Amino acid sequence: MPVAPRRTAGAAPEPVRWNRQRLRSNNEWLLLELLRTGGPSSRAQLARDTGLSKPTVSAALGSLETAGLVREAGTLAPDRGRTAVLYRADAGAGHVLGMDVGRARLRVAVADLSGRVVARRDVPNRGRTGPAVADALVATARDTLADAGLAEGAGCPSAGPADGVVRAVIGSPGVWDGRRRVMRHAAHLPGWARPGLFDRIADGLGIPVQVANDANLAALGEYTYGAGAGSSVFAYLLVGTGVGVGLVRDGELWTGAHGAAGEIGMLQLPCLSGEPTDRRDVPLEDVVGADAVVGEAWRLGLTGAATAEEVCEAARAGDPAARAAIARQAQQLSFAVAVVAAVADPELVVLGGGMGRSADLLLPPLEDALHRSCELRPRVVASTLGEDAVLLGALATALESARLEVFVQRTASA
């Protein structure tokens, strides 16, 4: 559905002057969205579902068909009456590009206007500088677009703009500074705050790009496609290389005054050693996350595990050091959940990111620790989207604008 423009609380809405063109456009949008969400339908059924007259529906469908937004989808032969032509929304009228930038992986997908993923690539992130990561992302995106038949591959020097891509959204750790067009506080991606990187990506793709925090996009992905569907207030706790929270209320992200809401990984925790005079503070993400699990396992004697996944495999196999490291991680995560519960009071917390794959190990001790330490106890569940949450959230964000944009462009020129 089209997104209503935001306005200042208490301000009167701007008057909308009625005209025949606006009414026709509204009718066409109504029918297009009904076909997109409800599937193929006949003119008679659309008239019944919308309350519009059959001539109005016929005229609107004709305009949508001319604009390339609707096409015939076969016929329906009822037991009685005439055979009816079925119409469906043409999902190929536009495409969107979603990108997820992580320290270890680059994930890119192309979807049509129905949200169906038509091409996808998932590659290691071998870039060790900001420009190297940006160039690798462009190359991966171009190859994915080529897979979808929308652009030449990254190896083609004559590759032009991505044909048919309406919107592109990048999910990344950190806080997006729209004024300077840089991603701040992305500590695990060296050089990622360098000015000009995202313009470099946009120029490489030939299309504008929108940038958002990865935990926020993951929250939208989980709300749209996963465990957060139907929740009025829920939080997505992304635990991987770093840690962050995305907060969704009634389907809308809450990002705060500067876009940094949910950046709990930057919280400084007091850390006391055995000496009373030796006190230092550490960021929360230094004690919560994949690296922290590996470090704790090594400290407890499991020196053969190089990744959090290997620690979890050892824990499932019964290794006592690995189990103790997981228990410690769950204790630390319970603090993160308690902070979110106290500030946002969500009805649901979804555990995702790389560590979300080990929810079977983490959730039981996490819930026990939460019950001991916090009277506010939201329900905590594992992500149903896994490590695809950020990517799917990027696609969902792009689609929200792209559908209306394609409609406006095509009907204006029809």
Side-chain angles (χ1 to χ4, degrees), residues 1-6 33 36-37 91 93-102 106-120 137 141 144-145 148 150 162 164-178 181 183 186 198 201-202 205 207-229 231 234-236 238 244-256 259-263 350 352-353 383-409:
M1 293 295 291
V3 180
R6 298 182 184 275
E33 282 294 278
R36 182 182 67 81
T37 58
H95 293 81
V96 296
L97 178 66
M99 294 165 276
D100 172 17
V101 179
L106 300 176
R107 297 180 175 89
V108 178
V110 177
D112 63 21
L113 293 183
S114 73
R116 181 178 67 93
V117 173
V118 297
R120 174 176 174 168
L137 184 63
T144 311
L145 290 164
L150 298 174
V165 177
V166 184
R167 291 273 174 165
V169 175
I170 299 173
S172 164
V175 178
W176 175 243
D177 184 335
R181 292 190 56 75
M183 186 61 83
F198 291 94
I201 294 170
L205 293 174
I207 50 176
V209 295
Q210 178 183 345
V211 188
N213 170 264
D214 53 358
N216 287 339
L217 290 182
L220 284 177
E222 205 71 48
Y223 178 81
T224 306
Y225 304 111
S231 297
F234 94 99
Y236 180 96
L238 187 153
V245 174
L247 299 169
V248 176
R249 180 179 182 274
D250 294 332
E252 296 286 336
L253 274 175
W254 183 63
T255 58
E263 287 295 305
V350 177
S383 165
T384 59
L385 302 182
E387 293 187 81
D388 288 343
V390 177
L391 187 60
L392 291 173
L395 292 175
T397 300
L399 284 167
E400 184 177 18
S401 300
R403 288 171 179 141
L404 184 56
E405 188 172 330
V406 169
F407 171 79
V408 170
Q409 289 177 348

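Positions are given from 1, in the same order as the sequence printed here. The model shown is predicted, which means the values in this text are computed figures rather than measured ones. Just so you know, these numbers use all the heavy atoms, side chains as well, and skip hydrogens, waters and symmetry mates.
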To the nearest 0.5 Å, what is the distance between CZ on Phe407 and CD on Glu33?
9.5 Å
Once rounded to the nearest 0.5 Å, what's the spacing between atom CG of Asn216 and atom OG of Ser172?
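Reported value, rounded in 0.5 Å steps: 11.5 Å.
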Which residues pass the side chain to side chain contact (heavy atoms under 4.5 Å, CB included) test with [X], not counting sequence neighbours?
X      : value
Ala202 : Val209
Thr224 : Ala396
Ala93  : Leu69, Leu113, Val406, Arg410
Ala260 : Val175, Glu263

Under 3.5 Å, side-chain donor or acceptor atoms of residues 385-395 against the rest of the protein: list the pairs with distances, not counting sequence neighbours.
| residue | atom | partner | partner atom | Å |
| --- | --- | --- | --- | --- |
| Glu387 | OE1 | Arg107 | NH2 | 3.3 |
| Glu387 | OE2 | Arg357 | NE | 3.2 |
| Glu387 | OE2 | Arg357 | NH1 | 2.8 |
| Asp388 | OD1 | Arg120 | NH1 | 3.0 |
| Asp388 | OD1 | Arg120 | NH2 | 2.7 |
| Asp388 | OD2 | Arg120 | NH1 | 3.2 |

Between [X] and [Y], what is the shortest heavy-atom contact and its length?
X      : Y      : value
Ala219 : Val248 : CB-CG2, 3.7 Å
Met99  : Ala141 : SD-CB, 4.2 Å
Tyr236 : Gly353 : OH-N, 3.2 Å
Val165 : Leu150 : CG2-CD1, 4.1 Å
Leu220 : Gly251 : CD2-O, 4.2 Å
Ala148 : Val118 : CB-CG2, 3.9 Å

With no hydrogens and no angle check, do the side chains of Ser383 and Glu222 hold a donor and an acceptor under 3.5 Å apart?
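There is such a pair (donor and acceptor under 3.5 Å, judged by atom type) between the side chains of Ser383 and Glu222.
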Partners meeting ring-ring contact (aromatic ring centres under 6.0 Å, His included) with Phe198 (sequence neighbours left out):
Trp176, Trp192
When you look at Val110 and Leu145, which way does the side chain to side chain contact (heavy atoms under 4.5 Å, CB included) test go after all the steps?
CA-CA 7 Å; Val110 177; Leu145 290 164; 3.7 Å; yes
Of Leu253, Val169, Leu238, Val211, the residue whose pairing with Leu217 passes side-chain contact (heavy atoms from CB on, under 4.5 Å):
Val169
Checking side-chain contact (heavy atoms from CB on, under 4.5 Å) between Ile170 and each of Leu97, Val108, Leu137, which is the one that passes?
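Per the side-chain contact (heavy atoms from CB on, under 4.5 Å) rule, the option paired with Ile170 is Leu137, out of Leu97, Val108, Leu137.
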Salt bridge between Glu252 and Arg249, side-chain N to carboxylate O under 4.0 Å?
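Looking at Glu252 and Arg249, the cut-off is not met.
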Check side-chain hydrogen bond (donor to acceptor under 3.5 Å, both in side chains) between [X] and all other residues, then give those that pass, not counting sequence neighbours.
X      : value
Ser401 : none
Thr144 : none
Arg181 : Asp199

Looking only at atom types and distance, does a side-chain atom of Asn213 sit under 3.5 Å from a main-chain N or O of Pro173, one as donor and one as acceptor?
no
Between the side chain of Ser114 and the main-chain N/O of Ala91, is any donor-acceptor distance below 3.5 Å?
no
Would you say the side chain of Arg36 lies within less than 4.5 Å of the side chain of Arg403, judging by non-hydrogen atoms?
yes
Under the side chain to side chain contact (heavy atoms under 4.5 Å, CB included) rule, what do Leu106 and Val101 come out as? Steps first, then yes or no, please.
CA-CA 5 Å; Leu106 300 176; Val101 179; 4.0 Å; yes
